[in-house]
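What follows is a single structure, written as structure tokens, with notes after it.
Since we're looking at a predicted model, the values are computed, not measured. The analysis underlying the following values was restricted to heavy atoms, covering all of them including side chains, and did not include hydrogens, waters or symmetry mates. In the text below, chain A, chain B and the rest are named by the order of the sequence lines, each starting its count at 1.
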Amino acid sequence: MTHPGELLPLRLTALEQDINTVRAAVRRAKLRGQFIEKATKRIRECTPQLRGLRATLNALNDAMTEEPRIGELIGETSFKLDEYLRDLPDLTKELVGAVQDVADNLGRAAATTVSIDDRSKALEASLERRCDELSNELKELRTKVDTESHEKRREHWKTYEVLLVKARPVFCEYVDFLGGLTVRDTGLDDRVCEMTDALLNRFVGTTPQKSLPLPARQAGLGYALDSVVLLGFPEWSIWGIPLVGHEIGLAYANDQNDPRLVELIRTYVAKGAHNEEYVRQLVADAFAAYTLGFCYACAALLLRLSPRHDQEHRYDEPPDIDRARVIMFTLRAGGDTAPESGGTYSDDVERLGEMWEAAVRERAGKAMADEAAAQAAGPPPHQDWLDDFVREAIEVFRGLRLIRPFDDDRWAGAMGWYEALRDEEAGPSWHPVDDTVPDVLTAAWRRRLFDGASPEELATKVMERWTTDRKGVSR
Amino acid sequence: MPTPELADLLRFRKDAGRARLADLIHLLPYVDDERSANLRVRIEKQDSQLVAQADGEVGWRELEESAGDTGRLIEEVLALVMTGLLREQGLDAGVFDVAEALLAHLTSLAAVPAIALGRTQDMESIDRTRGTVALRFPGARVWELPVLCHEFGHHVTAHLKHIEPELNKIRPLERLVPAKGPERDRRHVEELLADAVATICAGPTYPLACLCLRVPDASGANRTTDTHPSWRDRVALMREVLDALSARSGKPRYRTLRRTQVDPVAGALLGEVPAADARLADLADQAVQTIDKHCPALVYAGADSAIEIEKSLTRRSAVPSGVMPLAVLDGAWRWRLKHPGDDPNSVAALVVAYCRAWIPGGRS
């Protein structure tokens, strides 16, 4: 038996949808090039009609130039001049319609094709850099193999194996890059990356390059391709879009251009048994929650993070329950850059927190539920470093104009979109789109969580609005 | 000169008493029409009783009794007249209008008899016999208005009907007051219930206004009297009511505001946040359940509007339309707690204007 607001049924539903998506892979693969195929088919269909029209027009043209011929043509019942003249307007109209269909399909094909022109130089440069590193190491190894004695072969093999391990991520990224681009070009990602692309405008300036979102097997930042953000399946849906905030936050933390952030990370590395990578992951969560608010929290807690309280401690990666705690601290931090507490926003944040705590308890089982909940809640404030960390991280974010918080205006925008989705009415403007996307995603999550809206139907409706309502909005 | 007899002296006294009543009649034009008619009847009845009083020893006794009745009648009329004059001259800066509209709104929501607004130079109070609530003046400001909800709480306790029409003789809130037991305990529960109702109607604004304007410091907060429990217990109950509202409604906002606004102020004033014992927790829970069942419209739900009001006050924006007074007062207190060093008078007039915009036929 399930309870409303339970996390596990939500995750099972998401998993079921993901399996169904995978199951339909071949069918969807056939949709590749569908628009071009439709355009081609339409051209084939109307070719005989075009030929017929040409013949008719030729005959009429001949008749126009030879006067006696007109009389013959009118007299000739087999020529059916009156029929041709009567049918001509309709035939022309049909052909014009067919040409329009072709144009539309070609237009759709073009629209889904993602251009990387504005990013190609940066992509090439970063790929070149990584490949150069590998090539140089390869050259060194080859020189050694060519010049050193056979007795050192074992060492050479080991060096080769290490090199292979270094190259593996670059090779995987090659496949992911081309594969991801193809998935985007064919629209097989349901244009989720397109919406993610618009959202990424929100982070322009936070990282040196504007990121290129591509669907991939696992979420993460590009390794060989600096400005690529990989959207991991199964989060290729509107529900997972906010997770890109974490990757951008990670890029921002890794960039090390902000001295205050660098200092913050160093300070908190010193506070525990963990390294910089560990703290950067938490910065990324705080960043994403600060900039994308409730929708990031929903995506992270309800789709990605594990409610296990007993994850093995890792030096370089925080446990998911601590990541969840950072996210919730950020949402509850208050202040001028956050939506005001004590109203609907507070209700939603607390309900989300309750769902998470219930999941932690259930996952732990009855015997360990209280202990698990206590771990998830963290130590008392005077012993806890995460609350101080979040407070200081937010202060760093607040000091930068380029980092845009999910504030009262965004919450008000989200409420407007929530009503529009609920009442199936026209929504507020999509402009500016990088503010509107988090508003819409927040509204969608609210509908899903608190109104029991079907995630598939809602996702379809949101993408329909994304496709059809944004006329005149520059991308 | 003849020596007057005792009966003559009695007649002189009666004439004096009748003169007082005659003067009261002259003051009635300064009282609103609805009250005025009722008061005239009572004054004339008092006068008739004076005239009909016996002579002799019985007459002197009756005169003494009626003097007491006349005195109370005079107090009531003067309070109403003073209120009317203060409002007419604008000496109340519009606060009385808002107070009256607030009470009218609450009594309408609860479907209980209307209560009139008077003034007092003491603390706010309610005259349950006459159905009047006195607002303290001088000193009446918008910040005090949430405290009126406590007096409304007394009124509702006495008059709230059962939701089922066939059971409408039952007063579900009154049933929470023990019928037996020491008088002191009974009166304490009445006060706590009034606090509970006020918190239910006004949300965290009520405990915040009490803590900021009424509750004494830590040592004073522990004092109890024959009529009132300690402020420590009262604040503890208000906290429990907010949590009970969240539990009942499924909306965490009340508990969130208790934690983020009420508790810090309570802790700052009292040294520690007062915790409710089982008795107070139970009373809080019962009060919330009773109101939610019999008059859910009374439960405060204006937090989102209050958030907008706080922003409008910060920007000194023009009057927003259609925001209920309790949400305006909530927003006003949010503003005040965020700007403790600012001059409150700088927004007080704006708060009155926002409230007045809601009053039917009111002007900003």
Side-chain angles (χ1 to χ4, degrees), chain A residues 3-6 293-294 297-298 301 328-358 377 380-382 387 390-391 405-419 422 442-443 446 449-452, chain B residues 146 199 202-208 239 242-243 245-265 267 273 299-315 317 320 323-324 326-339:
Chain A
H3 304 288
E6 228 185 302
F294 187 71
C298 287
L301 268 65
M328 293 305 291
F329 275 146
T330 310
L331 292 190
R332 289 173 177 144
D336 293 340
T337 50
E340 197 65 36
S341 77
T344 308
Y345 174 75
S346 290
D347 288 347
D348 291 354
V349 167
E350 295 311 313
R351 279 187 200 164
L352 180 63
E354 284 162 13
M355 278 182 78
W356 176 251
E357 187 190 326
H382 63 277
D387 52 350
V390 167
R391 201 170 39 248
F406 192 90
D407 56 13
D408 259 329
D409 287 342
R410 297 281 52 77
W411 185 253
M415 290 298 103
W417 274 102
Y418 169 76
E419 282 166 21
R422 182 194 61 199
T442 299
R446 292 195 81 240
L449 287 181
F450 307 132
D451 300 342
Chain B
T199 309
T205 315
Y206 175 69
L208 284 170
R239 292 177 71 243
L242 290 172
D243 285 0
L245 281 170
S246 276
R248 184 96 180 160
S249 67
K251 289 181 181 172
R253 62 182 64 181
Y254 307 99
R255 187 171 52 240
T256 300
L257 287 169
R258 188 266 298 156
R259 202 179 66 232
T260 59
Q261 288 187 358
V262 175
D263 283 359
V265 176
V273 178
V299 177
Y300 179 65
D304 287 327
S305 299
I307 288 168
E308 292 304 313
I309 288 292
E310 188 269 318
K311 286 193 273 188
S312 296
L313 289 172
T314 303
R315 291 190 297 255
S317 297
V323 183
M324 299 205 178
L326 283 168
V328 174
L329 294 174
D330 181 359
W333 269 102
R334 285 171 191 253
W335 175 88
R336 193 152 184 202
L337 290 172
K338 271 191 181 177
H339 304 90

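- Expressed to the nearest 0.5 Å, how far OG1 of B:Thr256 lies from CZ of A:Arg332 amounts to 8.0 Å.
- Among residues 339-350 of chain A, the residues having any heavy atom closer than 4.5 Å to a heavy atom of chain B are, in sequence order, A:Glu340, A:Ser341, A:Gly342, A:Gly343, A:Thr344, A:Ser346, A:Asp347, A:Glu350.
- The salt bridge (Lys or Arg N to Asp or Glu O under 4.0 Å) test applied to A:Arg410 returns A:Asp435, A:Asp439, not counting sequence neighbours.
- If you measure heavy-atom distances from B:Gln261 to chain A, you find no contacts under 4.5 Å at all.
- Neither the backbone nor the side chain of B:Arg258 has a heavy atom closer than 4.5 Å to any heavy atom of chain A.
- Ranked by heavy-atom pairs under 4.5 Å with chain A, the list B:Glu310, B:Glu308, B:Arg334 is led by B:Arg334.
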